[in-house]
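Just so it is clear, the values below take in all heavy atoms, side chains as well, and ignore hydrogens, waters and symmetry mates. Computed from a predicted model, the values in this text were never measured in an experiment.
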Amino acid sequence: MNCFENGRQLMSEGLDKEAIQAFDLCIDMNIESAQAFFYRGVCHYRLGNYHQAKDDLGAAALLGCKDALLWSEYEQKLN
């Protein structure tokens, strides 16, 4: 199982802190991994780390993640 699949599995089990560590590894291996930034951002959001979530989701959006782009548009409407 690669780090991305491991992170997704940990998320599905509600282990967001552990999933963040897996996504950290993915990002270390590929700084342009939009999906890893996106899912790490979701984990941070679920843990209440809103500043880090916004940073990660913003990075994912810049890298072309469609889910993050939708999130970014939604977040802007709330502010």
Side-chain angles (χ1 to χ4, degrees):
M1 180 180 301
N2 69 34
C3 58
F4 184 78
E5 292 170 352
N6 186 40
R8 291 289 311 246
Q9 179 64 38
L10 291 165
M11 280 182 75
S12 72
E13 296 171 9
L15 301 171
D16 291 319
K17 289 181 183 178
E18 293 82 355
I20 288 170
Q21 293 174 346
F23 294 127
D24 286 344
L25 180 59
C26 291
I27 292 166
D28 287 345
M29 292 169 45
N30 178 8
I31 193 65
E32 295 184 7
S33 177
Q35 291 296 312
F37 274 108
F38 176 75
Y39 286 109
R40 187 173 76 173
V42 170
C43 290
H44 278 298
Y45 182 84
R46 293 185 344 184
L47 292 169
N49 304 329
Y50 301 121
H51 180 73
Q52 185 61 48
K54 184 175 180 179
D55 288 349
D56 282 348
L57 293 167
L62 287 173
L63 291 168
C65 176
K66 290 182 173 65
D67 291 332
L69 289 169
L70 290 172
W71 177 274
S72 177
E73 290 176 17
Y74 176 75
E75 190 268 335
Q76 287 176 5
K77 290 179 183 176
L78 292 177
N79 289 328

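Partners of C26 according to the disulfide (SG to SG under 2.5 Å) rule, which considers only residues two or more places apart in sequence or in another chain, are C3. Contacts of F37 classified as ring pair (Phe, Tyr, Trp, His ring centres under 6.0 Å), with partners at least two apart in sequence or in another chain: none.
If you take CD1 on I20 and CG on L15, they are separated by 11.0 Å, rounding to the nearest 0.5 Å. How far NE2 of H51 is from NE2 of H44: 10.5 Å, rounded to the nearest 0.5 Å.
For residues 5-28, the set of pairs meeting the ring-ring contact (aromatic ring centres under 6.0 Å, His included) definition, not counting sequence neighbours, comprises F4-F23. Sequence neighbours left out, the pairs with a member in residues 3-20 that pass salt bridge (charged side-chain N to carboxylate O under 4.0 Å, His left out) are D16-R46. Screening residues 32-71 for disulfide bond (SG atoms under 2.5 Å apart), with sequence neighbours left out, gives no hits. The list of side chain to side chain donor-acceptor pair (under 3.5 Å) pairs with a residue in residues 19-37, not counting sequence neighbours, reads D24-R40.
Scanning both residues, I31 and L63, for their nearest heavy atoms gives O-CD1, 4.0 Å. In terms of heavy atoms, A60 sits closest to A68 at CB-CB, 3.6 Å.
Hydrophobic clustering of Ile, Leu, Val, Met, Phe, Trp and Tyr side chains at less than 4.5 Å, counting indirect connections, unites L57 with Y50. F38 and Y45 fall within the same hydrophobic cluster, defined by Ile, Leu, Val, Met, Phe, Trp and Tyr side-chain heavy atoms under 4.5 Å apart, directly or through other members.
With a 4.5 Å cut-off on side-chain heavy atoms, D56 and I27 do not count as touching.
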